[in-house]
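Naming: A, B, ... by sequence-line order, numbering from 1 per chain.
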Amino acid sequence: MKKQSITILGSTGSIGKSTLDVLSRHPQRFEVYALAAHSQVELMAQQVAQFKPQRVVMADASAALRLKSVLKEKGLSALVESGEDAMESIASDAQTDIVMAAIVGAAGLAPSLAAARAGKRLLLANKEALVVGGSLFMSAVKAGAARLLPIDSEHS
Amino acid sequence: MLRQRILTAIVLLAILLPALFASQVQWFMAVALLAITLACWEWGRLNGYQGKMAVLTAMEGLGFCALMWKMGWPSMHMPMLWLLAGAVWIAIGVWLLARGVSSWQRIPAWCRVSVGLLLLCLAWLAVVQARLVGIHFLLSLLITVWVADIGAYFAGRRFGRRKLAPSISPGKSWEGVYGGALAVLLLSVAWAMGSVGQSDSASLYQHILAGRGWVFVVLAGLLLLAMSVVGDLVESLVKRSVGAKDSSALLPGHGGILDRIDALLPTLPLGMMLYSLA
């Protein structure tokens with residue numbers, strides 16, 4: 001069976017960490033396409049070392065700069081992207097099947113929308129996406145033929 | 001003539017700026033791909049290919065870039081490729097400039113076209129990858145080349161005495177190159193010191209300062225300056241060897257696409273090399 005490729009938005013948060021923990025138990029079923037976080041450089045560096053994602057995004061530009069240096073010290077050089085458009089790009093890229101949207105607050109809305117429009121299997125742990133942009137979000141899910149799976153208990 | 005020049009510039013900016021700042025990176029990638037495809041067509045024609053053959057050259061460039069896109073190369077970290085591309089450019093620059101105009105025509109046309117095609121496609125990959133790293137990062141590369149050009153223009157006009165390459169590009173002087181170098185040094189030091197602040201990414205110089213220190217910031221600036229001059233001269237040399245003034249008339253008032261991007265062709269891959277090694 002072909003491995004499912006997953007993008008995790010907010011990989012250094014608690015939901016992101018739990019998701020990676022689950023993935024690490026099923027290496028034959030999943031591979032990590034991309035990891036994105038806000039500014040926790042040290043933890044992100046550990047995750048990159050362990051999961052070897054193809055793409056790494058830091059929302060914060062100076063964090064991206066630091067991450068690149070930290071990765072170099074670990075002998076793990078990488079192309080570190082930054083900014084909101086990079087988040088949208090990893091959430092909607094053809095190379096990813098599943099997107100775990102675990103960025104808190106309204107910052108998580110744009111990349112989650114991009115994933116919905118691109119027809120991803122979207123694991124939504126960000127309730128703001130539905131609270132702030134409910135109808136916009138559902139129409140994006142419909143238009144992109146995405147599959148939406150709420151992760152946070154508050155949705156259901 | 002001036003009016004036409006300005007109109008063309010406005011149209012170009014109206015296409016480029018929205019593509020550059022669009023939150024969906026694909027737009028920028030597509031616009032850059034169009035420019036490179038047209039540049040490949042010009043390149044074929046400059047090397048004696050006409051009509052269908054030149055169009056075929058353009059299609060090869062388009063196909064090759066599209067293939068790299070499809071395979072996800074733009075977002076891949078590839079320091080070895082950039083190191084190789086940088087070395088090839090430096091070697092080509094030194095060799096061509098040492099041998100002069102007449103040596104160019106002795107290379108078989110298919111060879112000239114293929115090498116140029118490859119370098120054009122690599123420039124596309126580099127500009128797209130730089131855009132993925134961030135808009136601020138890409139701008140730090142582009143603006144370096146423009147500042148080098150502007151510095152060289154004014155220093156050359158004011159102090160220009162000793163010709164840089166009279167047989168290739170009679171307008172250029174060593175004093176102009178020094179002026180360009182000074183401008184780039186000031187720019188790179190200022191840009192390395194500035195804070196990242198609210199921008200979407202760090203500039204090339206901030207990356208180099210963080211990874212390697214001040215000496216390399218200065219060396220990087222000088223290397224980019226030198227290679228922007230090489231890009232400029234290589235294109236002039238090729239045009240001169242076939243007696244063309246412009247690479248085409250695609251951009252009314254400006255000449256061709258290659259005339260606009262010649263200095264960027266070596267500096268973009270070199271910028272990605274510096275980023276990868278920093």
K.L.:
Quick check: closest heavy atoms across B/Pro74 and A/Leu79, and the distance to 0.1 Å?
P.N.:
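That closest heavy-atom pairing would be O-CD2, 3.9 Å.
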K.L.:
Sub-4.5 Å heavy-atom contacts with chain A: which residues of residues 202-215 of chain B show up?
P.N.:
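The list, in residue order, reads B/Ala202, B/Gln206, B/His207, B/Ala210, B/Gly211, B/Arg212.
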K.L.:
Under 4.5 Å heavy-atom distance to chain A, tell me which part of B/Met272 shows up: side chain, backbone, both or neither.
P.N.:
side chain
K.L.:
Please round to the nearest 0.5 Å and tell me the distance separating atom NE2 of B/His77 and atom CD of A/Gln54.
P.N.:
13.5 Å
K.L.:
Between A/Gly83, A/Ala34, A/Ser62, who has the most heavy-atom pairs with chain B when the cutoff is under 4.5 Å?
P.N.:
A/Ser62
K.L.:
Could you check if a side-chain atom of A/Glu84 sits within less than 4.5 angstrom of a side-chain atom of B/Ser23, using non-hydrogen atoms only?
P.N.:
no
K.L.:
When you look at CE of B/Met71, are more than 12 heavy atoms from neighbouring residues, nucleotides or ligands closer to it than 6.0 Å?
P.N.:
yes
K.L.:
Taking the side chain as every heavy atom from C-beta outward, state whether A/Val80 and B/Val133 have any atom pair closer than 4.5 Å.
P.N.:
no
K.L.:
Which heavy-atom pair separates A/Lys72 from B/Ala278 by the least distance, and what is that distance?
P.N.:
CD-O, 3.6 Å
K.L.:
Checking heavy atoms, do the side chain of A/Ser69, its backbone, both or neither come under 4.5 Å from chain B?
P.N.:
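The answer is the side chain of A/Ser69.
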K.L.:
Sort B/Phe137 into side chain, backbone, both or neither according to what part of it lies under 4.5 angstrom from a heavy atom of chain A.
P.N.:
neither
K.L.:
Which residues in residues 85-98 of chain A have any heavy atom closer than 4.5 Å to a heavy atom of chain B?
P.N.:
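Listed by number, the contacting residues are A/Asp85, A/Glu88, A/Ser89, A/Gln95.
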K.L.:
Does atom CH2 (B/Trp69) have a neighbourhood of more than 12 heavy atoms from anything else shown, all under 6.0 Å?
P.N.:
yes
K.L.:
Using 0.5 Å steps for rounding, measure from the OG atom of B/Ser201 to the CG atom of A/Leu65.
P.N.:
10.0 Å
